Amino acid sequence: MSAAPTHATVIPAPSEALFPPAAERERIDDHLTRELARAQERVAAGSATPTLPMDAFRRELAGFDFTVPRPLPQLLDWCIPVLEHGVVHLTHPRYFGLFNPAPSFPAQCADRIVGSFNPQVASSATSPAAVALEAHVIRMVGQRAGLPAQSGGHFTSGGSEANYTALLCALTQAHPQFATEGARAFPGPPTFYTSKECHRSWVKIAHQAGIGRSAARLVATDGSGRMSTTALAAAITADRARGCVPVLIVASAGTTNAGMIDPLVECAELAQQHGLWYHVDAAWGGAMIASEKLRGVLAGLERADSATIDAHKWFATTMGCGMFLVRDARTPSTVFQVEASYMPSREMSVDPYMNSAQWSRRFLGLRLFLSLASAGWAGHAAHIERAVAQAARIRESLEGRGWSVVNDSPLAVLAVVPPPARGEPRTIVERVLKSGRAWVSLARFEERDVIRICVTHGETSEEDLSILLEALTRV
Ligand SMILES: Cc1ncc(COP(=O)(O)O)c(C=O)c1O
């Protein structure tokens, strides 16, 4: 017989602050739902830009030394105004900003569900339904993009991770020893090619992948923001001659500054001719696949070995939710395969931890699943076509007032320049932001400063467009 314990230890009950009883959770949740809805109404009627006095806020923050706990409802009532006044509002109908969306409601619902169940989507054994659902959405999106039935991929934290995955696939495909030896496996420095208008994640990615930032060759454009295929071919040939090892061509389908689409078919031809991996970075523009009317602008995407499409851009999910699509679903596991005895499953091309850069993973795909399932491709097409029509309306009005639109994008982004007498783009952007009436940005396009106006919000109205125009053109 074993001896009885000498000290009876009383294990304390769970912390009620961390794990309140069910009825209390429901009460707080209801309160939060109501307060968030009210805050969003105020956001739409208020300033698009932050108004929170940051010095006072930093002092207030310093008071949180986390020694004395405060009641959660009180903290929530503190947080909402902080967000209401302390950030640029992507949910403001006059946010004509970077590609960040006002999130769709189904995607917000998905976040609540996922936050509640918190499934671990690293392994198909722990989250079989979540892994299957994500794989289904990725297959449907890939096929809609024109990729073959055996295509695959996965959800990523965003476009940068998807692009990083593409470079790793290209390097692994280019040399069988890259996985073990890294860049040392190549007989010369590996290089890849994208345009000087590309998203700058590519430069960081070259660094992350260990091939160095100089491996990212930023090819000249044609003067209209599209990659020059003549310059591209010349760069590949010159690099080969000096002993470099070209591995990848990246075409942008919707450049970040100006929404320009590189010549996708010609880039595919060059990649094929030179035996290089072909990636299309369609982080924003890729959502055009939803529209039967407009998707023709993406012709050539179907020839990609891989593509980036961000759900958290024009598919309007909450952030961060990107997608890496790949022609052959088996490829990512050649990069990310790994042995780990503690993992409950190890299925190549299935288990996310063996097929993607992440390990522990949030269930991201539910956001796009609920959006697509509730709105259909048609609902997303309407969202995109509306934005394109609104951009055309802004263009028409500005040109009518003597402004120039210097990009010729089929997407919903304008790079505009005021008439000389109206002042510099920089001054006008500063004035608009200070007014809080709208959010636009300053960008460089083909060596000149431009005002960048991107329609991203699904509920921007005619009146919002008029207010934007008034804010831009006011003397
Ligand atoms: C063309 C393009 N690629 C990649 C990215 C990076 O995406 P993320 O910010 O989701 O990492 C962006 C972001 O705007 C982009 O416009």
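The figures that follow rest on heavy atoms only: side chains count, while hydrogens, waters and symmetry mates do not. For clarity, every value in this text was computed on a predicted model and none was experimentally measured. Positions are given from 1, in the same order as the sequence printed here.
Rounding to the nearest 0.5 Å gives a distance of 4.5 Å between OG1 of T256 and NE2 of H199. The distance from the CD1 atom of I205 to the CZ atom of R213 is 10.5 Å, given to the nearest 0.5 Å. Going from atom CD1 of I80 over to atom CG of L36 covers 4.5 Å, rounded to the nearest 0.5 Å. Here CD of Q358 is found 7.5 Å from OG1 of T156. Values are rounded to the nearest 0.5 Å. Separation of atoms NE2 (H383) and OG (S291) is listed at 12.0 Å; rounding is to 0.5 Å. Considering CG of D305 and CG of D328, their distance stands at 10.0 Å, rounded to 0.5 Å.
Between G225 and E446, the shortest heavy-atom contact is N-OE2, 2.6 Å. The two residues H92 and G46 have their closest heavy-atom pair at NE2-O, 2.9 Å. Minimum interatomic distance between H279 and S306 (heavy atoms only, all atoms of both residues): ND1-OG, 2.7 Å. What you find for R361 and S356 is that their closest heavy atoms are CD-OG, 4.0 Å. Counting all heavy atoms, side chain and backbone alike, L264 lies closest to A299 at CB-O, 3.4 Å. Residues C169 and T331 come closest through the heavy atom pair SG-CG2, 4.1 Å.
The shortest distance between side-chain heavy atoms of Q40 and T91 falls below 4.5 Å. Using a 4.5 Å heavy-atom threshold, the side chains of L414 and V406 count as separate. Counting heavy atoms from C-beta outward, L472 and W403 have side chains that approach closer than 4.5 Å. Looking at V141 and V137, their side chains come closer than 4.5 Å, going by heavy atoms from C-beta outward. At least one side-chain heavy atom of S441 sits less than 4.5 Å from a side-chain heavy atom of L98. At a threshold of 4.5 Å between non-hydrogen side-chain atoms, the residues I384 and M288 count as touching. A heavy-atom distance below 4.5 Å is not found between the side chains of Q390 and I453. Residues P352 and M354 fail the side-chain proximity criterion, which asks for heavy atoms closer than 4.5 Å.
For the pair R70 and F64, the distance from NZ or CZ to the six-membered ring centre is under 6.0 Å and the angle to the ring normal is within 45 degrees.
The local environment of CD in E24 is crowded, with over 12 non-hydrogen atoms from other residues, nucleotides or ligands closer than 6.0 Å. Shown here is F57, whose CZ atom has more than 12 heavy atoms of other residues, nucleotides or ligands within 6.0 Å. Counting non-hydrogen atoms of other residues, nucleotides and ligands closer than 6.0 Å to NZ of K204 gives a total of 12 or fewer. Shown here is R426, whose CZ atom has no more than 12 heavy atoms of other residues, nucleotides or ligands within 6.0 Å.
Under the ring pair (Phe, Tyr, Trp, His ring centres under 6.0 Å) criterion, F336 pairs with no residue at all, not counting sequence neighbours. The ring pair (Phe, Tyr, Trp, His ring centres under 6.0 Å) test applied to F369 returns no partner, not counting sequence neighbours. Checked against ring pair (Phe, Tyr, Trp, His ring centres under 6.0 Å), H380 has the following partners two or more places apart in sequence or in another chain: F315. Residues forming a side-chain contact (heavy atoms from CB on, under 4.5 Å) with E302 (at least two apart in sequence, or on another chain): none. W359 meets the side-chain hydrogen bond (donor to acceptor under 3.5 Å, both in side chains) test with no other residue; sequence neighbours excluded. Every residue two or more places apart in sequence or in another chain that forms a salt bridge (Lys or Arg N to Asp or Glu O under 4.0 Å) with R395 is listed here: E399. Qualifying ring pair (Phe, Tyr, Trp, His ring centres under 6.0 Å) partners for W439, counting only residues two or more places apart in sequence or in other chains: Y95.
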query: Is there a salt bridge (Lys or Arg N to Asp or Glu O under 4.0 Å) between E470 and R431 once you walk through the steps?
result: CA-CA 12 Å; E470 212 269 320; R431 195 188 65 219; over 6 Å; no
- request: Please test D29 against R34 for salt bridge (Lys or Arg N to Asp or Glu O under 4.0 Å), starting from the C-alpha separation and ending with a verdict.
  value: CA-CA 9 Å; D29 226 7; R34 262 194 317 277; over 6 Å; no
field: side-chain hydrogen bond (donor to acceptor under 3.5 Å, both in side chains) between S151 and Q143, intermediate numbers included
entry: CA-CA 8 Å; S151 67; Q143 284 171 28; 5.0 Å; no
field: Residues D281, S252; criterion side-chain hydrogen bond (donor to acceptor under 3.5 Å, both in side chains); working and verdict
entry: CA-CA 5 Å; D281 182 357; S252 305; 5.1 Å; no
message: Let's go through T318 and R367 carefully: what are the C-alpha distance in whole Å and the side-chain angles of both, what is the deciding distance for side chain to side chain contact (heavy atoms under 4.5 Å, CB included) to 0.1 Å, and is it a yes or a no?
response: CA-CA 7 Å; T318 47; R367 302 170 187 182; 3.3 Å; yes
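Using modelled atom types, one side-chain atom of T172 and one backbone atom of L168 make a donor-acceptor pair closer than 3.5 Å. In this structure a side-chain-to-backbone donor-acceptor pair under 3.5 Å is present from N407 to V413. A distance-only check finds no donor-acceptor pair linking the side chain of S333 to the backbone of M348 [under 3.5 Å]. The backbone N or O of G97 lies less than 3.5 Å from a partner atom in the side chain of R452, making a donor-acceptor pair.
A donor-acceptor pair shorter than 3.5 Å cannot be found between the side chains of Q120 and S127. At a cut-off of 3.5 Å, with distance as the only test, a side-chain donor of S345 or S123 sits close to an acceptor on the other residue. Judged by distance alone, the side chains of S195 and T221 never bring a donor and an acceptor atom under 3.5 Å apart. A donor-acceptor contact under 3.5 angstrom links the side chains of T473 and R401, judged on distance only.
Aromatic rings from W202 and F192 are positioned such that their centres are separated by under 6.0 Å.
Pairs passing the salt bridge (charged side-chain N to carboxylate O under 4.0 Å, His left out) check and including a residue from residues 158-173, sequence neighbours excluded, do not occur. Listed by first and then second residue, the ring pair (Phe, Tyr, Trp, His ring centres under 6.0 Å) pairs involving residues 114-167 are H154-F324 (not counting sequence neighbours). Sequence neighbours left out, the pairs with a member in residues 72-86 that pass side-chain hydrogen bond (donor to acceptor under 3.5 Å, both in side chains) are H31-D77, R42-E84, E60-W78. Applying the salt bridge (charged side-chain N to carboxylate O under 4.0 Å, His left out) rule to pairs touching residues 90-105 yields R94-D464, sequence neighbours excluded. Within the structure, salt bridge (charged side-chain N to carboxylate O under 4.0 Å, His left out) pairs that include any residue of residues 339-358 do not occur (at least two apart or interchain).
Contact check on R25 versus D30 returns no salt bridge, with no Lys/Arg side-chain nitrogen under 4.0 Å from an Asp/Glu carboxylate oxygen. A salt bridge is defined here as a Lys NZ or Arg NE, NH1 or NH2 lying under 4.0 Å from an Asp or Glu carboxylate O, and E462 with R393 meets this definition. A salt bridge does not link E41 to R38: none of the charged side-chain nitrogens sits closer than 4.0 Å to a carboxylate oxygen.
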